[in-house]
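Okay, so here's the structure we're looking at.
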2 protein chains.
Amino acid sequence: MPAPKKHILFNAFNMNSVGHINHGLWTHPRDNSSDYNTLEYWTELAKTLERGLFDGLFIADIIGVYDVYQNSVETTLRESVQLPLNDPAVLVSAMAAVTQHLGFGITANLSFEPPYLFARRMSTLDHLTRGRVGWNIVTGYLDSGSKAAGLHGLAPHDERYDRADDYLELLYKLWEGSWEDGAVLRDRQARVFSDPAKVHKIIHQGHYYQMEGYHLSEPSLQRTPVLYQAGSSPRGQQFAARHAEAVFISAQDKGEAKRAVDSLRRQAVEAGRKADDIKIFAGIAMITGTHQQEAQDKYDDYRRYASPEAGLAHFSSSVGIDFDRFELDEPIHYGNSNAIQSAASSAQANAMTKRKLLERFKLGSRYPTLVGDPSYIADELESWITDVGIDGFNVSRTVTPESFEDIADLIVPELQNRGVYKTSYQEGSLRHKLFGAGDKLPSYHAGAQYRKEKEPHDHKEATV
Amino acid sequence: MPAPKKHILFNAFNMNSVGHINHGLWTHPRDNSSDYNTLEYWTELAKTLERGLFDGLFIADIIGVYDVYQNSVETTLRESVQLPLNDPAVLVSAMAAVTQHLGFGITANLSFEPPYLFARRMSTLDHLTRGRVGWNIVTGYLDSGSKAAGLHGLAPHDERYDRADDYLELLYKLWEGSWEDGAVLRDRQARVFSDPAKVHKIIHQGHYYQMEGYHLSEPSLQRTPVLYQAGSSPRGQQFAARHAEAVFISAQDKGEAKRAVDSLRRQAVEAGRKADDIKIFAGIAMITGTHQQEAQDKYDDYRRYASPEAGLAHFSSSVGIDFDRFELDEPIHYGNSNAIQSAASSAQANAMTKRKLLERFKLGSRYPTLVGDPSYIADELESWITDVGIDGFNVSRTVTPESFEDIADLIVPELQNRGVYKTSYQEGSLRHKLFGAGDKLPSYHAGAQYRKEKEPHDHKEATV
C-alpha cells in the first residue's frame with residue numbers, strides 16, 4: 001500500500017480593503033469587495049472558506065499609501081489600491097463566532113505596534129478563537145507609513161530585522177514565560193483564581209526594547225500565535241529560519257519558487273530546526289469552471305474589469321520606482337536597492353519594459369494565475385507541491401466571493417478525489433492542525449527557551 | 001398634557017476580565033465571569049443587554065497591575081482583581097454581529113496607543129458596527145503600566161492631559177478632515193472608487209505628536225466615535241468640558257455627585273457648549289427581585305462570596321496607598337497627591353479607617369449599590385436623575401449574567417411603566433441615539449473645526 005499523500009494547504013489571501021492583489025476587479029458586477037467595511041462580507045466569507053476546508057484566512061495589511069507611481073496617490077485612490085484600508089485584527093472575533101476550525105492569520109507591523117499591548121491583543125484573539133490565530137510578522141517598507149506613524153524615517157532594512165529579533169524576544173517572554181502552565185486554577189471553593197507563585201514579572205532589557213511587567217493575559221491555547229513571515233531578502237530569510245512557522249513566497253514560476261524554498265529550508269536546518277518545520281505557501285490565483293472553456297470564458301470576462309495600471313501603481317511602490325516615467329518599450333533598469341531585492345525577486349526583472357509589465361499584470365496583479373478546469377488546476381497545484389517542495393498556497397481573490405466559492409465547490413472536491421486534500425478538519429489549534437504536534441511551539445523553537453517552569457520565585461521582591 | 005419625561009440611559013459596565021468592580025463574586029456558583037475569555041460569554045451578554053434596551057456596553061481597561069496593596073500582586077492574582085485582563089477592542093465585532101442597536105464604549109489609553117493605528121482601529125469598528133462605537137479616553141495612572149509599556153515613568157498628571165489635547169487634535173484631523181463627505185463614489189461604471197480631489201493629506205505638528213499622512217479609513221457613519229471620559233480632577237474636568245460627549249462619575253452619594261455634575265456642566269458652557277451636550281452617567285450596582293425580601297436575600301447571598309479585601313487591594317492602587325499597613329481602627333490620613341484627588345473624591349475620605357473601608361467594600365466595591373424591589377430601585381434612579389442632574393447610569397455587574405438579566409426583566413419594565421425608559425431603540429448611530437441630532441459631532445464641537453470641505457487641493461504637490 002502506498003504511503004498516504006501529503007495534503008495540500010490552502011490559505012485564502014485577503015485584506016480589509018477593496019483592491020488587494022488583483023486590482024480593478026471590484027468593478028465587476030458580481031464582485032462584492034466594495035462591501036469590505038461590513039460585518040456580513042467577512043462572516044459570509046469565513047463560512048465559505050470553512051465549507052471549503054481552508055486552513056486559514058490570511059489578512060494582509062500595510063501601513064502607509066502607494067504614492068510612488070506618478071509621485072501621487074491619485075491612481076491609488078481612484079482604483080482603490082489598498083486604500084482605503086481598515087484594521088484586520090478587529091475582524092477576527094465576528095468570523096470566529098460563525099466558524100469552528102478556520103484559522104486567522106493577521107498581519108501586524110512591529111515597527112508601529114507597541115509590544116506590550118500587541119502581545120495582549122494577540123493573546124486575546126487566541127483565547128476568543130480557541131487557538132486559531134497566527135501573526136504575519138512585518139517590519140514595514142513604506143516611507144509614507146513611517147511618516148504617518150510620526151517616526152523620522154524607516155530604519156535601514158537589516159536593522160529593522162534586528163529590531164524584530166528583539167521585539168520577538170520580548171513577546172516570547174510575555175507569551176511563554178510570564179504565566180506558567182497551572183498558574184490559573186479558577187478554584188471557586190478555595191477562592192483562588194491564579195496562583196501568584198506561578199506568575200512571573202518579565203524584565204526585558206533589549207537593545208531596542210525595554211520593559212518590566214506581567215503579561216496581562218492568562219495563557220491561551222497556543223500561547224505564541226502561529227508565526228508567519230514573508231521576507232525574501234537574505235536577512236528576511238535568516239529571520240524566518242529562526243522564527244517563522246509558515247512563510248509566504250511570491251514567485252513568477254516554479255524555478256524561482258524552488259530557489260527560495262531550498263534556501264529557506266537549508267537555513268532552517270542551519271538554525272537548528274527541521275526542514276519541514278516551516279510550512280511554505282506560494283501566492284497564486286485560480287480561475288476555474290466545470291470545463292476548460294467555461295474557465296477560459298470566466299477569465300476573459302474578469303480581464304475586462306481588471307486594471308493593469310493599478311497593478312503597476314502597486315508595483316511602483318513595492319520596488320520604489322515610478323514606472324510612469326518610462327516609455328512603453330523603454331528598457332527598465334531596476335538598480336540595486338533593498339526594496340527591489342525584496343520585492344522584485346523575478347530573475348528577468350532587469351530586462352523589463354512597461355509594456356511587458358502591463359501584459360504581466362493583465363489580471364491586475366503580478367502573481368501567477370491558473371486558469372482551467374479542476375483537473376488541470378489540480379495537476380498544476382500537485383506539480384508545485386512536488387516539484388517545488390512547498391506545502392500549500394496563499395490563494396488571492398479575483399472576483400469575490402465567487403472565486404473562493406469556485407475553489408470550495410470545484411477545486412477542493414477534485415483534490416479530495418486525488419487524496420491530496422483533507423476531507424474534514426482535525427481537532428485542535430491552528431498550530432496542531434498544521435503540524436500535528438500539539439498546540440504550543442515545539443521545544444526547540446527559539447521562543448520555547450523563555451518558558452519558566454518550576455522556578456522559585458518571591459513576588460514581594462520582584463515587585464519592589 | 002405634561003411634557004414627556006426624560007428617558008434614563010443605561011450603560012452596562014464590564015471589563016474583559018474576571019474581577020471588575022464587585023470583587024470576589026466570580027466565586028458565586030451562578031457567576032460566569034470566569035468565562036470572560038470565550039466568545040459566547042460576550043455574545044450572550046450583548047443579546048441580554050439589547051433585550052433590556054441598554055444604550056451601551058461599556059468595556060473598561062487598565063494598562064498595568066494593582067501592586068500597591070502589600071507591595072505585591074498576590075491579592076490581585078489570587079482574587080483576580082482586573083488581572084488577567086484581555087483586550088477590549090477585539091470583542092466588538094462578534095457582539096455587533098448578534099445585535100442591531102447596542103452601543104459599544106471601549107476604553108483605550110492614549111499614552112500607549114500609537115495615534116495613527118488607533119484612529120484606524122476605531123474607524124474600522126465604527127464601520128463594522130454601522131456607527132455604534134464610543135471611545136473612553138484615558139491617559140493612565142499606574143506606574144506599573146508605564147514600566148510595562150517601556151516608558152520611563154508617567155508624565156505628570158496635568159501634562160498627560162496636555163498630551164491628550166494634542167492627541168485628540170491629531171485624531172480629529174484624521175477622522176474629520178482627511179476624507180471629505182462625497183470623497184468615496186464606489187462608481188463601478190466610471191471605475192472611480194474615491195475622488196482624489198476630496199482626500200487630503202493630514203499634517204500635524206503638535207507639541208507632543210507629529211505626523212504626515214492620509215487617514216487609511218474612508219469615513220464611517222460617525223467619523224469621530226462618541227467620546228467618553230471619566231477624569232474627575234480639575235484638569236480632567238477641563239478636558240471633558242472641551243471634548244467629552246459622555247462622562248462617567250463615581251460618587252458615594254447624591255451630594256458628592258451633584259457637586260461633580262454642576263461643575264462639569266458649568267465648564268462645558270464656559271467652553272462654548274450647551275450644558276446638556278454632555279451625558280453624565282453615575283456608577284451604580286443594582287440587586288433586585290420581585291419583592292423586597294427576595295432582593296435582600298439575594299444581596300445577603302452575594303455578600304457571602306464578595307471580597308472586601310480585594311476591593312481594598314483595588315482601592316490601594318487607585319489612591320496609591322498600601323492600606324495593609326494600617327491597623328483596623330487606625331485613622332488613615334490620605335495626604336494630598338494627585339492620584340487621591342482624582343480617585344478618592346469622597347469628602348469623608350480623610351476620616352477613614354480600614355474597618356470602615358472594608359465595611360464600605362462589603363460587596364467587593366466602593367461604588368453605591370441599590371438593593372430592593374423594582375419600585376424601590378426605580379424611585380432611587382429617578383431621584384438621582386432629578387436631584388443630581390445626571391442622564392443615566394453606568395451599571396456594574398455583580399453576579400453575572402443574572403444581575404443584567406434582572407435589570408432587563410424587572411427594572412426596565414418598571415421604568416417603562418413610569419414613562420422614564422425607552423420602549424424601543426431609535427434608528428441611527430450611537431451618537432444619534434444619545435442626542436437625537438445626527439450621526440456626526442455637532443458643528444460647535446472642538447473636533448468639527450478640522451473638517452475640510454471644498455478646499456482647492458493639489459495632490460501632486462501634497463505628496464512630494
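Order of the sequence lines sets the chain letters (A, B, ...), proteins ahead of strands, with each chain counted from 1.
We find the OH-CG distance between Tyr214(A) and Asp67(B) to be 7.5 Å, quoted to the nearest 0.5 Å. Interatomic distance, CG of Asp143(B) versus CD of Glu212(A), reported as 9.5 Å (0.5 Å rounding). With rounding to the nearest 0.5 Å, the separation of CG in Leu83(A) from CH2 in Trp179(B) is 4.5 Å. Atoms CG and CD1, from Leu216(A) and Ile63(B) in turn, are 6.0 Å apart once rounded to the nearest 0.5 Å.
At a threshold of 4.5 Å between non-hydrogen side-chain atoms, the residues Ser93(B) and Leu39(A) count as touching.
With a 4.5 Å cut-off on non-hydrogen atoms, Val65(A) touches chain B through its side chain but not through its backbone. Contacts between Pro29(B) and chain A at a heavy-atom distance below 4.5 Å involve the backbone alone (N, CA, C, O). When heavy atoms are compared at a cutoff of 4.5 Å, Ser146(B) does not approach chain A at all.
Without hydrogens or angle criteria, Ser80(B) side chain to Phe193(A) main chain gives no donor-acceptor distance under 3.5 Å. A donor-acceptor pair under 3.5 Å links the side-chain atoms of Arg188(A) to the main chain of His28(B), judged by distance alone. In terms of modelled atom types and a separation under 3.5 Å, the side chain of Arg186(B) and the main chain of Asp35(A) share no donor-acceptor contact. Formation of a donor-acceptor pair under 3.5 Å by the Ser217(B) side chain with backbone atoms of Asn86(A) is not found in this model.
Among Ser17(A), Pro84(A), Gly213(A), the residue making the largest number of heavy-atom pairs under 4.5 Å with chain B is Pro84(A). By number of non-hydrogen pairs under 4.5 angstrom with chain B, the leading residue of Leu125(A), Ile202(A), Leu174(A) is Leu125(A).
The only member of Leu117(B), Val90(B), Thr124(B) that meets side-chain contact (heavy atoms from CB on, under 4.5 Å) when paired with Asp87(A) is Thr124(B).
Salt-bridge formation is detected for the pair Arg120(B)/Asp61(A): a Lys NZ or Arg NE/NH1/NH2 atom is positioned less than 4.0 Å from an Asp or Glu carboxylate oxygen.
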